[in-house]
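Reviewing the structure listed below.
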Amino acid sequence: VLNISDNNKSFTIKNKYDNSPITYVDKDKYNTMIFLATHKGSLLVYKVTKTQSNIKFDFHLGRHDHNTQITSLLVNNTLQVIVTSSSDSIVNIYSYPLIKHINTIKCESNFSISNVIISSCPLPVIVIYSYDQKRFIVYTINGTKLPRTDTTSHESDHWISFAKYRGDA
């Protein structure tokens with residue numbers, strides 16, 4: 001169940017797709033779609049219709065491409081992609097707005113993914129971060145691991161914070 005408030009009105013979205021807790025929420029830049037990630041590994045998409053007196057959430061589609069909890073969900077309007085990561089060490093990339101599966105990045109099995117960041121400048125890349133291991137790995141949007149980007153520096157926490165501040169996250 002997700003409760004949303006807008007102008008002192010409350011709205012509820014229930015996860016009827018896999019009946020598991022919602023782990024992440026994001027939206028498109030036009031506020032016409034809302035994306036939910038679930039504990040069971042599903043990506044749920046709802047269309048948002050807003051009138052003067054009401055907001056309506058219509059279930060659009062559900063995808064179950066992860067075997068475990070989704071740990072990160074990110075919509076990047078510039079590159080027109082949605083990225084999900086999960087505790088099964090997998091990152092899935094979808095086209096936006098069609099929500100078609102484009103690519104899967106499989107990290108080594110002991111890499112617990114905490115967060116994913118997409119940067120579109122100068123090269124579109126996906127930064128996959130593990131808070132537990134204080135480590136991040138960088139891949140191209142096509143899934144190619146970039147050389148010399150697998151780092152275990154404790155500075156990676158600061159780098160992730162900077163990327164979020166810049167708006168790349």
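This structure is a prediction, so every number in the text was calculated from the model and none was measured.
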Quick check against the 3.5 Å criterion: does [X] have a side-chain atom that pairs as donor or acceptor with the backbone of [Y]?
| X | Y | value |
| --- | --- | --- |
| Ser89 | Ser109 | yes |
| Asp28 | Met33 | yes |
| Ser42 | Leu44 | no |
| His39 | Gly41 | no |
| Ser130 | Arg135 | no |

Mind checking the [atom1]-[atom2] spacing from [X] to [Y]? Nearest 0.5 Å is all I need.
| X | Y | atom1 | atom2 | result |
| --- | --- | --- | --- | --- |
| Lys27 | Ile34 | NZ | CD1 | 9.0 Å |
| Ile126 | Ile141 | CD1 | CD1 | 4.0 Å |
| Tyr24 | Leu36 | OH | CG | 13.5 Å |

Is there a side-chain contact between [X] and [Y], using heavy atoms and a 4.5 Å cut-off?
| X | Y | answer |
| --- | --- | --- |
| Ile99 | Leu43 | yes |
| Tyr94 | Asp65 | yes |
| Ser85 | Ile128 | no |
| Val81 | Tyr96 | no |
| Lys40 | Tyr17 | no |
| Phe35 | Val75 | yes |

Taking a hydrophobic cluster as the set of Ile, Leu, Val, Met, Phe, Trp and Tyr residues connected by side-chain heavy atoms closer than 4.5 Å, whether directly or through intermediates, do Leu61 and Leu98 fall within one such cluster? no
Shared ILVMFWY cluster between Ile102 and Ile90, side chains joined below 4.5 angstrom? no
Minimum heavy-atom distance [X]-[Y], with the two atoms named:
| X | Y | result |
| --- | --- | --- |
| Arg63 | His101 | NH2-CB, 3.4 Å |
| Phe111 | Gln133 | CD1-OE1, 3.2 Å |
| Ser72 | Ser114 | CB-O, 4.2 Å |
| Ile82 | Ser95 | CD1-O, 4.5 Å |
| Asn103 | Gly143 | ND2-N, 3.5 Å |
| Thr78 | Ser120 | CG2-OG, 4.1 Å |

With Thr23, the side-chain contact (heavy atoms from CB on, under 4.5 Å) member among Thr84, Thr71, Leu73, Ile70: Ile70
Just one of Leu74, Val125, Val127 clears the side-chain contact (heavy atoms from CB on, under 4.5 Å) bar with Ile118, so which one? Leu74
Ring centres under 6.0 angstrom apart (Tyr46, His60): no
side-chain contact (heavy atoms from CB on, under 4.5 Å) between Glu108 and Ile137, worked out: CA-CA 11 Å; Glu108 59 258 28; Ile137 303 171; 4.1 Å; yes
Residue pair Val83, Asn76: steps toward the side-chain contact (heavy atoms from CB on, under 4.5 Å) verdict: CA-CA 8 Å; Val83 177; Asn76 185 295; over 6 Å; no
Output, in order, the C-alpha distance, side-chain angles, deciding distance and verdict of side-chain contact (heavy atoms from CB on, under 4.5 Å) for Val48 and Thr32. CA-CA 5 Å; Val48 180; Thr32 58; 5.5 Å; no
With Asp18, which residues qualify under salt bridge (Lys or Arg N to Asp or Glu O under 4.0 Å), at least two apart? none
